[in-house]
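What follows is a single structure, written as structure tokens, with notes after it.
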Amino acid sequence: MKFGKKLKHQIQESLPGWRDKFLSYNDLKKLVRLISSSPVVLNGNSGKVEAEFVYLLNNEIDKFNAFFMEQEENFIIRNEELQQRIKKVTDTWEPNGSQPSNTIYEDEVGQLRKDIVDFHGEMVLLVNYSNINYTGLAKILKKYDKRTGSLLRLPFIQKILEQPFLTTDLISKLVKECESTINAVFPVEEEEERKREVKEAITVAGEGIFRNTVAALLTMQEIRKGSSTYSQYSLPPINLPVDSDLIQLVQLNPPTAIF
């Protein structure tokens, strides 16, 4: 699948409020085509045109940074709120707690588990947002250099790699903490039972966060699978755990899982 179609699919699989925050890839691709055929570039006087192109790329990067940092701050707050809710439930139903009815306990724990899983999924989506937008920028720069004969890609990539939207260490740390919380507070007794639940979730997945997360995991796996060696254009290392059982189950059920 060409990157433009892959990006379009990923945007469709993202959360509604995120869809205008991705790279304007098709617009930039059209612009590169126009620039490469303009008389200014053909005559070897590309300085002004290149400056305008870089200006547009910088606007895109500013958009990514603002959105990423806003989400990151939101996740920090939500993580603290979830920890407080977990403590409240634990304190209430522990042996020395007030221990209201089992029905209330089941309702609260069920909602808490759903909120934690959704929170985990959104953080995975943000890491994927970072990955796919970087990949799009790298591809646009490659097209620009190829069509214009410029050498813009390497210095600009070096600048991109220093941007906040590619600094995913904190989010990756929160993802791991979230997974530890799920395992500690809501352990699944049997591994086969866990796999069955995942498979059922994939089968019935509609527009929920689970479906979005599955699509993001598959995209991250595909993007990184294409490059086995490190270069100056490589994505920064990622510490996000990818559930191999989840990926395997999705690949066995692609039509109902993500399409």
Side-chain angles (χ1 to χ4, degrees), residues 1-14 17-72 125-169 171 215-216 218-238 240:
M1 184 188 295
K2 289 187 176 181
F3 180 78
K5 290 184 178 180
K6 184 187 300 180
L7 176 60
K8 181 179 179 181
H9 172 73
Q10 197 61 57
I11 292 172
Q12 291 171 342
E13 291 295 340
S14 188
W18 292 29
R19 291 174 185 169
D20 62 345
K21 309 300 182 183
F22 285 83
L23 179 70
S24 303
Y25 182 76
N26 286 334
D27 291 341
L28 288 168
K29 192 167 69 169
K30 290 175 185 176
L31 179 60
V32 169
R33 205 176 297 131
L34 288 172
I35 289 173
S36 63
S37 61
S38 70
V40 174
V41 172
L42 293 174
N43 292 332
N45 300 315
S46 59
K48 184 178 179 181
V49 173
E50 185 167 296
E52 293 175 353
F53 178 68
V54 168
Y55 174 79
L56 292 176
L57 290 183
N58 283 329
N59 284 344
E60 292 290 288
I61 291 172
D62 289 344
K63 176 175 71 177
F64 303 154
N65 286 337
F67 178 71
F68 185 90
M69 290 188 291
E70 178 185 12
Q71 293 302 312
E72 188 176 60
L125 289 180
L126 189 63
V127 176
N128 181 57
Y129 170 87
S130 171
N131 278 235
I132 201 162
N133 283 309
Y134 169 82
T135 303
L137 285 170
K139 287 183 177 294
I140 283 295
L141 286 161
K142 183 178 180 180
K143 288 179 186 294
Y144 181 86
D145 281 4
K146 183 178 179 180
R147 285 180 170 268
T148 64
S150 297
L151 297 173
L152 180 61
R153 186 185 181 200
L154 179 55
F156 206 87
I157 287 291
Q158 291 172 337
K159 173 186 174 181
I160 294 171
L161 290 172
E162 298 173 354
Q163 297 302 309
F165 84 93
L166 277 180
T167 308
T168 59
D169 290 351
I171 298 299
L218 286 170
T219 298
M220 282 190 280
Q221 185 189 58
E222 184 178 353
I223 286 174
R224 290 175 179 275
K225 184 173 61 178
S227 177
S228 59
T229 58
Y230 182 82
S231 75
Q232 62 266 49
Y233 305 117
S234 297
L235 280 162
I238 186 170
L240 188 68

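Just so it is clear, the model here is predicted, and its values are computed rather than measured.
Put simply, the side chain of Asn65 gets close to the backbone of Phe165: a donor and an acceptor are under 3.5 Å apart. Although no hydrogens or angles enter the test, the distance criterion places a donor-acceptor pair under 3.5 Å between the side chain of Ser36 and the main chain of Val32. In this structure a side-chain-to-backbone donor-acceptor pair under 3.5 Å is present from Gln163 to Lys159. Side-chain N or O atoms of Arg19 include one that pairs as donor or acceptor with a backbone N or O of Ile11 at under 3.5 Å. Side-chain atoms of Ser37 come within 3.5 Å of backbone atoms of Arg33 as a donor-acceptor pair (strictly under, hydrogens ignored).
The distance from the CG atom of Asn128 to the OG1 atom of Thr135 is 9.0 Å, given to the nearest 0.5 Å. Expressed to the nearest 0.5 Å, how far NZ of Lys8 lies from CD of Gln10 amounts to 14.0 Å. Annotation: the span from Glu70 atom CD to Lys21 atom NZ amounts to 7.0 Å, rounded to 0.5 Å. Note that NZ of Lys63 is 13.0 Å distant from CG of Asn58, once rounded to the nearest 0.5 Å. Here the CD1-CG distance, from Ile157 to Leu152, works out to 9.0 Å after rounding to the nearest 0.5 Å. Here NZ of Lys139 is found 11.0 Å from OH of Tyr134. Values are rounded to the nearest 0.5 Å.
Minimum heavy-atom separation, Asp145 to Ser150: CG-O, 3.2 Å.
Between Ile140 and Phe53, the closest side-chain pair of non-hydrogen atoms falls below 4.5 Å. A heavy-atom distance below 4.5 Å is not found between the side chains of Phe68 and Asn133. Within the 4.5 Å cutoff, no side-chain heavy atoms of Gln158 are placed close to those of Glu162. Looking at heavy atoms from C-beta onward, Phe156 lies in side-chain contact with Ile61 at the 4.5 angstrom threshold. No side-chain heavy atom of Thr148 sits less than 4.5 Å from a side-chain heavy atom of Val49.
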Scan the side chains in residues 23-30 for donor-acceptor partners under 3.5 Å anywhere in the protein, sequence neighbours excluded, and list what turns up.
none

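Partners of Phe67 under the ring pair (Phe, Tyr, Trp, His ring centres under 6.0 Å) rule, at least two apart in sequence or in another chain, are Trp18, Tyr129.
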